[in-house]
Amino acid sequence: MLSAEDNELLVRVGAGTPMGNLFRRFWLPALLEEEIAQPDGAPVRLRLLGEDLVAFRDTLGKIGIVDAYCSHRRAGLFFGRNEECGLRCVYHGWKFDVNGNCVDVPSEPRDERQLRKLKIKAYPTKVQGGVIWVYMGNRSDAEIPAFEWSRVPFANSTVTKRLQRTNWAQAVEGGIDSAHVSFLHHHNKRVENPFGFQDSAEVWKYFEQDARPVFSVDDHDGGLLIYARRNAGPGSYYWRVTHFLLPCYTLTPPTVDPATTMTAPYYGHAWVPIDDYNCWTWSFHASPYKDYSEAEREFQAGANGIWGPVDENYHPILSLANDFGLDRDRQRKDNYTGIDGIQNQDAAIQESMGSVVDRSEEHLGRTDLAIVRFRRQMLRLARELLEGKEPVAASKGALYAVRPATVVLPVNEQVGPEFFRTREQVEVVPVE
Amino acid sequence: MLSAEDNELLVRVGAGTPMGNLFRRFWLPALLEEEIAQPDGAPVRLRLLGEDLVAFRDTLGKIGIVDAYCSHRRAGLFFGRNEECGLRCVYHGWKFDVNGNCVDVPSEPRDERQLRKLKIKAYPTKVQGGVIWVYMGNRSDAEIPAFEWSRVPFANSTVTKRLQRTNWAQAVEGGIDSAHVSFLHHHNKRVENPFGFQDSAEVWKYFEQDARPVFSVDDHDGGLLIYARRNAGPGSYYWRVTHFLLPCYTLTPPTVDPATTMTAPYYGHAWVPIDDYNCWTWSFHASPYKDYSEAEREFQAGANGIWGPVDENYHPILSLANDFGLDRDRQRKDNYTGIDGIQNQDAAIQESMGSVVDRSEEHLGRTDLAIVRFRRQMLRLARELLEGKEPVAASKGALYAVRPATVVLPVNEQVGPEFFRTREQVEVVPVE
Amino acid sequence: MLSAEDNELLVRVGAGTPMGNLFRRFWLPALLEEEIAQPDGAPVRLRLLGEDLVAFRDTLGKIGIVDAYCSHRRAGLFFGRNEECGLRCVYHGWKFDVNGNCVDVPSEPRDERQLRKLKIKAYPTKVQGGVIWVYMGNRSDAEIPAFEWSRVPFANSTVTKRLQRTNWAQAVEGGIDSAHVSFLHHHNKRVENPFGFQDSAEVWKYFEQDARPVFSVDDHDGGLLIYARRNAGPGSYYWRVTHFLLPCYTLTPPTVDPATTMTAPYYGHAWVPIDDYNCWTWSFHASPYKDYSEAEREFQAGANGIWGPVDENYHPILSLANDFGLDRDRQRKDNYTGIDGIQNQDAAIQESMGSVVDRSEEHLGRTDLAIVRFRRQMLRLARELLEGKEPVAASKGALYAVRPATVVLPVNEQVGPEFFRTREQVEVVPVE
């Protein structure tokens with residue numbers, strides 16, 4: 001459990017809040033590249049960390065993420081004309097470039113000195129791995145996380161997003177909670193996927209036979225290394241190592257045959273706060289050793305893919321409004337929840353808590369160790385920042401060049417760092 | 001009128017409020033038995049007195065009404081698996097029995113001492129008269145009201161519920177307001193019903209000819225006895241005696257020939273607070289001397305029955321959103337309101353006041369005597385409870401074994417207690 | 001920009017607020033006559049200045065605008081029976097005349113002295129120009145504005161209304177902002193209208209060639225005279241003179257050939273507060289020298305008319321929910337906004353600011369002079385009223401007998417008052 005005060009500190013991310021300040025130290029995923037693909041195409045509305053913004057790609061292909069409102073009389077720039085290297089407000093034609101500079105005020109006498117005062121808020125952006133990243137802070141040394149999935153060729157990764165109607169923190173807590181796999185995702189009807197890396201019956205037996213994984217957690221500058229250990233037959237353990245990476249990422253090991261884990265595709269997630277009550281669930285899928293086919297990409301977007309179907313606004317079709325399609329008959333016979341798709345199962349249970357869970361009413365157990373450590377780390381970093389201490393990870397993208405791992409090892413062996421190495425690192429630094 | 005302070009005191013029923021404390025002294029109708037009919041069937045969401053709950057029937061048929069959230073990390077138990085004598089949270093498999101005991105924590109090392117700490121809120125339930133009753137208080141002497149309709153054989157009663165989008169108190173005030181019958185329900189087109197007890201043209205003539213009933217009210221431990229007296233030709237009065245029973249029940253006399261009133265079917269209602277802005281309107285129909293046929297039950301559920309059509313969530317089809325189907329042409333020609341059905345007429349007028357009526361703006365008359373006395377009694381009991389004085393009725397179910405009555409009597413006679421006796425009492429205690 | 005305090009003062013119009021007091025000094029448009037056309041017809045709900053009201057036309061054709069709730073127990077009078085010179089509450093038959101007098105209490109003993117206490121709030125009404133006007137204040141000297149459009153024969157004017165989901169003030173600010181015509185309404189595809197007064201290509205050239213009009217503003221007792229001057233070829237100016245009239249009216253000059261402006265149709269608007277977050281956009285169209293045909297009226301109500309299509313509740317079909325039908329392709333090719341219809345363009349940009357614009361974040365320019373003066377005048381009058389000084393215009397309807405004007409004049413000439421004269425004034429007082 002958490003005190004009501006600490007819960008507030010953990011969940012609030014608006015401008016000026018301690019946790020909001022911490023988030024504003026990090027580059028964050030803002031949009032899929034496909035959302036503003038065309039130069040001079042339609043601008044899109046965007047809300048992040050409680051701030052209303054608008055994003056556009058200018059004539060030269062440059063991306064702007066700027067205040068949602070014109071500096072003149074606060075008309076909505078979403079309705080603006082994206083043309084000739086700027087977004088032009090349709091009320092009086094004032095025009096802003098991707099850096100928020102006011103570059104034209106056709107309704108007023110020309111006065112270059114005035115223009116500077118009319119600048120609107122604009123945040124730096126970068127594209128990496130099919131994602132438009134945004135930096136909402138004011139430091140010059142911030143670096144984009146060097147995630148493997150964001151640096152492999154397009155053929156080796158997929159990325160998408162969907163709306164989740166909860167605070168970001170309870171979503172992250174679901175992501176780093178390796179214990180729930182034995183339950184929430186249990187007895188899912190096996191679906192053949194086209195990837196060539198099928199779910200391992202062996203692994204699912206481990207989940208069934210040992211539902212009480214033993215957790216250990218290592219703190220580090222980039223976040224947390226979370227080890228969940230299950231029995232795997234006499235004299236051996238099945239290890240799952242999940243990463244929490246600051247401030248809202250997870251890397252989750254696959255459920256394939258552990259012997260193939262070093263070359264199999266794996267997942268990653270980000271839960272980026274829209275405001276205190278909603279977040280974007282980003283899903284990254286990396287396959288460093290095998291190109292995705294078009295069929296595989298399509299499978300991912302379907303009901304059995306990792307994220308489930310969404311509408312044209314990336315809002316999931318299944319939601320609390322329709323009980324996430326819960327089928328009680330299938331719950332009895334087919335799968336543990338009666339809900340289709342891992343992502344929908346996660347979303348259902350996280351949204352069922354309400355948009356901000358009341359952590360003062362919880363009773364945590366040993367398998368919640370990662371949850372406890374996650375909160376402690378986030379609260380510590382937020383408090384340290386108030387005292388002027390910057391979070392190391394924000395300016396050290398290399399910390400993110402890691403992978404999740406699964407492995408079966410004899411009981412007396414530990415999971416070494418070689419398992420977390422990305423393909424690049426493996427090829428540069430041979431495993432000892 | 002009521003002061004703004006007293007109005008607040010009257011209407012608020014959340015945990016810890018004075019009126020909420022009073023309600024928590026009484027057994028209350030929670031669900032229709034049909035809502036969780038099957039052992040191990042689907043759990044249902046339930047909100048009562050501002051508390052979010054979930055109800056389920058376990059493998060042995062026992063009924064649980066428990067906290068809506070798991071004690072672990074507050075996942076919604078509605079999504080849970082109802083199996084093997086307990087409701088199992090699908091997040092980590094924690095399981096709770098109908099008494100809220102945590103009986104299994106498969107994600108954690110076994111430790112029986114710990115289990116006791118993981119118990120969730122659970123309220124005692126009982127089934128009586130097709131209704132699942134719940135007790136949300138902490139007294140051991142509370143008794144379920146011994147309503148006649150709840151104790152006669154199934155063949156002799158019907159019961160249902162529908163959502164009303166107002167505070168409970170203005171709904172009760174409509175129920176005990178015998179004066180409005182001459183208006184709100186006036187000129188309803190007569191519909192033949194299949195019960196064999198038709199509306200009496202004579203009685204409706206009394207309503208029309210004397211729209212200014214003279215009220216008198218007796219306080220008693222169980223609530224109020226409300227006498228409305230109308231002229232009924234030379235030398236005689238038409239009496240209608242309505243019961244208000246604590247904390248939110250009414251028993252309404254039928255509009256049949258008064259000579260048949262002792263054997264005719266009669267109505268009862270409960271307005272059970274969902275929260276401060278919504279309540280369940282329960283309708284009970286008792287026919288102690290004549291079995292209901294299936295045709296009669298179907299008639300009750302239709303547009304001309306006492307409660308009107310509802311959807312699968314017991315939400316009425318007619319609502320403020322469609323002006324309760326108000327037909328101005330029929331209002332001019334057919335019936336007084338232009339709205340079909342007594343229950344819809346009542347709901348329309350009560351919801352038209354807003355979800356909490358501003359009683360500081362009222363102007364009460366002599367025919368509001370029952371309303372005045374209802375408020376006075378409820379406020380008094382809530383205040384007495386704050387000082388430790390328990391409401392007598394909460395532990396004396398027998399007080400509810402009464403009936404409404406209508407009778408035509410010579411002007412010098414009073415309505416005696418023999419008219420309020422249930423069939424049981426009549427047969428045990430012969431009328432003197 | 002405006003301080004946050006002044007912004008609050010400007011926008012809040014509920015009972016007891018300074019700006020609400022000022023609005024309550026003026027007769028205001030309440031309903032179209034067509035909304036309660038029939039004696040004893042259906043009452044309609046009405047919300048003005050944050051007060052819930054109900055309007056009805058009685059048996060004799062008299063109009064009542066009264067409290068939405070019965071004085072007895074606050075049942076909604078919308079559900080009432082409009083009959084025999086009064087609106088009768090269907091709960092207990094209490095009846096109120098158009099002046100709010102309680103004229104019948106059939107549920108209570110007769111007592112004429114009591115009736116006076118049961119009176120409900122009622123506001124005086126008058127019909128002028130197809131509009132039902134209401135006076136929500138308490139002065140005896142208030143006069144209905146003597147707008148020309150409201151006093152010409154029916155054949156010479158049209159009037160309608162539509163919902164706008166913003167505070168009234170940002171709507172007025174759009175109406176008096178002559179600068180935005182060069183942008184927001186620019187490049188509209190020319191649509192032939194059936195009026196015989198087509199848009200002037202010459203005038204639209206002025207808008208295009210001089211997007212920086214020079215503004216001057218005259219304060220007067222009735223509001224503001226707003227002069228916007230554009231270059232119109234060598235040695236001459238194109239003048240547009242817009243009126244702001246207290247408290248929420250504008251008169252806008254047409255875009256026809258200036259030589260015909262004295263006989264051409266012109267527009268007027270009112271933005272009447274429903275509450276702090278919504279207003280009714282009234283549109284008046286006056287054609288003093290030419291009767292409207294039925295075809296012309298129909299054109300007005302269509303997509304290319306001044307107000308755009310609305311549903312049966314006068315809610316616009318295009319709204320923020322559907323991005324006002326914004327078509328990005330047409331925005332690039334056809335018109336400046338990609339939105340059809342001048343009124344929709346105005347509504348889109350005003351609603352895009354949010355329901356109450358944050359004026360503390362603005363950066364006003366020279367072309368915002370009228371906006372600045374409007375705010376200053378309204379704030380001054382609201383403050384003066386707090387000190388007991390009444391607004392002159394409220395009791396001087398004749399101040400509203402003015403017209404907007406456009407004219408091309410040599411650079412050394414001014415727009416004289418003869419241009420603002422109504423037909424009546426012109427015919428009575430020949431232009432010197």
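To find a chain, count down the sequence lines: A is the first, B the second, and so on, and within it residues start at 1.
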**Student:** Evaluate the side-chain proximity of C:F183 to A:R81: yes if any heavy-atom separation is below 4.5 Å, no if none is.
**Tutor:**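 In short, these two side chains do not touch, never coming nearer than 4.5 Å.
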
**Student:** So if I take each residue of residues 368-377 of chain C and look for any heavy atom under 4.5 Å from a heavy atom in chain A, which residues do I end up with?
**Tutor:**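 When heavy atoms of chain A are the reference, residues 368-377 of chain C contributes C:D368, C:I371, C:R375 within the under-4.5 Å range.
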
**Student:** Checking heavy atoms, do the side chain of C:E351, its backbone, both or neither come under 4.5 Å from chain A?
**Tutor:**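 For C:E351, no heavy atom lies under 4.5 Å from chain A.
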
**Student:** Parallel, tilted or perpendicular: which fits the ring planes of C:F324 and A:F79, with parallel below 30° and perpendicular above 60°?
**Tutor:**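 Perpendicular.
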
**Student:** For residues 42-54 of chain A, give me every residue with a non-hydrogen atom less than 4.5 Å from any non-hydrogen atom of chain C.
**Tutor:**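 Near chain C, by residue number: A:A42, A:P43, A:R45.
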
**Student:** How long is the straight-line distance from CD of C:Q331 back to CG of A:N82, given to the nearest 0.5 Å?
**Tutor:**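 Separation between the atoms: 9.0 Å.
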
**Student:** If you tally heavy-atom pairs under 4.5 Å against chain A, which of C:V357, C:D358, C:L326, C:D323 wins?
**Tutor:**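 The residue among C:V357, C:D358, C:L326, C:D323 with the greatest pair count is C:D323.
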
**Student:** Within this structure, what is the CD-OH distance for the pair C:E361 and A:Y69, rounded to the nearest 0.5 Å?
**Tutor:**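 Here the interatomic distance stands at 11.0 Å.
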
**Student:** With rounding to the nearest 0.5 angstrom, report the CD to SG distance, C:E362 to A:C70.
**Tutor:**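 Those atoms lie 10.0 Å apart.
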
**Student:** If we define contacts as heavy-atom pairs under 4.5 Å, which of C:R332, C:R212, C:H180 has the most with chain A?
**Tutor:**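 Going by pairs under 4.5 Å, I would pick C:R212.
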
**Student:** Which residues, numbered in order, of residues 93-107 of chain A come under 4.5 angstrom of chain C by heavy-atom distance?
**Tutor:**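 Answer by number: A:G93, A:W94, A:V105, A:P106, A:S107.
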
**Student:** Which donor-acceptor pairs under 3.5 Å do the side chains of residues 124-131 of chain A make with protein atoms, sequence neighbours left out?
**Tutor:**
from: A:T125; atom 1: OG1; to: A:I63; atom 2: O; distance (Å): 3.3
from: A:Q128; atom 1: NE2; to: A:P145; atom 2: O; distance (Å): 3.4
from: A:Q128; atom 1: NE2; to: A:S150; atom 2: OG; distance (Å): 3.0

**Student:** Validate the cation-pi geometry between C:R328 and A:F78: distance from NZ or CZ to the six-membered ring centre under 6.0 Å, angle to the ring axis within 45°.
**Tutor:**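 Pair C:R328/A:F78 counts as cation-pi.
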
**Student:** In sequence, state the C-alpha distance, the side-chain angles, and the governing distance for A:Y91 and C:Q345, and then conclude on side chain to side chain contact (heavy atoms under 4.5 Å, CB included).
**Tutor:** CA-CA 9 Å; A:Y91 207 0; C:Q345 292 159 5; over 6 Å; no

**Student:** Is there a donor-acceptor pair under 3.5 Å between the side chain of C:H363 and the backbone N or O of A:S71?
**Tutor:**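 Yes, C:H363 side chain to A:S71 backbone: donor-acceptor pair under 3.5 Å.
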
**Student:** Please report the shortest heavy-atom distance between C:S352 and A:G76, naming the atom on each side.
**Tutor:**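 Nearest heavy atoms, C:S352 then A:G76: OG-N, 2.7 Å.
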
**Student:** Answer yes or no: is there an ion pair linking A:R73 with C:D177, defined by an N-O contact shorter than 4.0 Å?
**Tutor:**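 A salt bridge is present here (some side-chain N lies under 4.0 Å from a carboxylate O).
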
**Student:** What part of C:S182 is in contact with chain A, defined as an atom under 4.5 angstrom from a non-hydrogen atom: side chain, backbone, both or neither?
**Tutor:**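 Nothing of C:S182, per the 4.5 Å heavy-atom cut-off to chain A.
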
**Student:** Out of curiosity, A:R74 CZ to C:M1 CE, how far, rounded to the nearest 0.5 Å?
**Tutor:**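 With rounding to 0.5 Å, CZ (A:R74) is 11.5 Å from CE (C:M1).
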
**Student:** Are any of the side-chain heavy atoms of C:R366 and A:E108 separated by less than 4.5 Å?
**Tutor:**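 When only atoms from C-beta onward are counted, A:E108 and C:R366 do touch, with a gap below 4.5 Å.
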
